[in-house]
Amino acid sequence: MFSLMANCCSWLKRWREPVRKVTLVMVGLDNAGKTATVKGIQGESPEDVAPTVGFSKIDLKQGRFEVTIFDLGGGKRIRGIWKNYYAESYGVIFVVDSSDAERMEETKETMSEVLRHPRISGKPILVLANKQDKEGALAEADVIECLSLEKLVNEHKCLCQIEPCSAVMGYGKKIDKSIKKGLYWLLHIIAQDFDALYERIQKDTTEQKAYEEQEKRERAERVRKIREERYFFLCDFLFPEEKEIV
Ligand SMILES: Nc1nc2c(ncn2[C@@H]2O[C@H](COP(=O)(O)OP(=O)(O)OP(=O)(O)O)[C@@H](O)[C@H]2O)c(=O)[nH]1
Ligand SMILES: [Mg+2]
C-alpha cells in the first residue's frame, strides 16, 4: 500500500514537471563513434555509418525532455565549426575511441580546448569511453588517466561522468545500458541547474546572433566595395575621356 502511494506520488511529481527543451553538443575526434552512438539512441542501426561532413541534428524525446543533439563532424578541418554550437548547448557529450591509444594525446588536447571555451566552461560533460568491445580497449581508469580528466574538469568547473560503452552493441531498446545511463545522468544534472543554464544560454545566443549579424553586414559591405571598385575600374577602361573631363 505504502509503495503504491509512493509510486503515485513520484508519478504525480514527474507529471507536474515541465517539458524541458535541451540542446546538447556531441563532439570528439573523427572515428570516435559519435554518429554510431546517436543512431543507436534514435533506435537506428549503428552499422554502416559514414564520416560526418558538417553536422547532423537529431531530435528525440527522453521522458520529460525534448532533446536536440548536434552530432558534429570530428575531422581536424571541421572542428572549427564546433564553437558555433556551444552557445545554445546545455551540456556536452564527448565521445572517445578507447581502442585508439595513439590518439589519446590529440583527444586530450581537443577536450581541453572544448572545456576551456567560455561558452562551455561550467557546463556538464558526459564522456563516453566508446569501443569497449574492441580488444585492447583502454579501461575507464586508463582513459581518465590518459586524458587527465579529473584535472581538466576541475579546472573548468564542469560536472563530469564517464561511461565505458560500445555504440555497436545494440540499438533502440537494446542499446548499451551505459549510454542510456550517461544520457540520463546528463539530462538530470541539467534539470537540477536548469534556470541558471537557461539564462546563460539566452544571453550567449543573443550575443552570438548579434555577432553573426555584424559579420554578415561586414561581409556584405566588403562585397559591395569590391563591386564598386570593379565598376569604376571598368568605367575608366571603357570611357577614359569622361574621366579626363571630370
Ligand atoms: N567496434 C566498434 N566500432 C565502432 C563503435 N562505434 C563506432 N564504431 C565504428 O567506428 C567507425 C566510426 O564511427 P562514426 O560513428 O562514424 O564516428 P564519428 O565519431 O561519427 O566520426 P566523424 O563523423 O568522422 O567525426 C565506424 O566504422 C563505426 O562502425 C564501437 O563501439 N565499437
Ligand atoms: Mg559522425
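Residues: numbered from 1 along the sequence shown. Just so you know, ligand 1 is whichever comes first in the structure, and atom 1 is the first atom listed for that ligand.
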Decide whether an N or O pair under 3.5 Å exists between T35 and ligand 1. yes

Is it true that the side chains of S166 and D176 contain a donor and an acceptor less than 3.5 Å apart? no

In terms of atom number and element, which parts of ligand 1 are under 4.0 angstrom from non-hydrogen atoms of P51? 23 (O), 24 (O)

Closer than 3.5 angstrom, by distance alone: can the side chain of N154 be matched with the main-chain N or O of E150 as a donor-acceptor pair? yes

Atom indices of ligand 1 within 4.0 angstrom of K134 heavy atoms, with elements: 1 (N)

contact_flag D133 ligand 1 heavy-atom lt 4.0 Å: yes

Look only at the side chain of K39 and the backbone of A167, and say whether a donor-acceptor pair between them is shorter than 3.5 Å. no

G73 near ligand 1 by a heavy-atom separation under 4.0 Å: yes

L29 heavy atoms, cut-off 4.0 Å: which ligand 1 atoms fall inside? 19 (O)

So, T52 versus T35: side-chain donor-acceptor pair below 3.5 Å or not? yes

So the atoms of ligand 1 within less than 4.0 Å of a heavy atom of V49 turn out to be 13 (O), 14 (P), 15 (O), 16 (O), 26 (C), 28 (C)

A129 backbone acceptor or donor facing S98 side chain under 3.5 Å: yes

May I ask whether D97 places a heavy atom under 4.0 Å from ligand 1? no

Can you list the ligand 1 atoms lying under 4.0 Å from a non-hydrogen atom of T52? 22 (P), 23 (O), 24 (O)

Are E212 and Q214 linked by a side-chain donor-acceptor pair shorter than 3.5 Å? no

Aromatic ring proximity H188/F194, centre distance under 6.0 Å: no

Angle at the Mg ion (ligand 2): provide the value between OG1 of T52 and OG1 of T35, rounding to 10 degrees. 90°

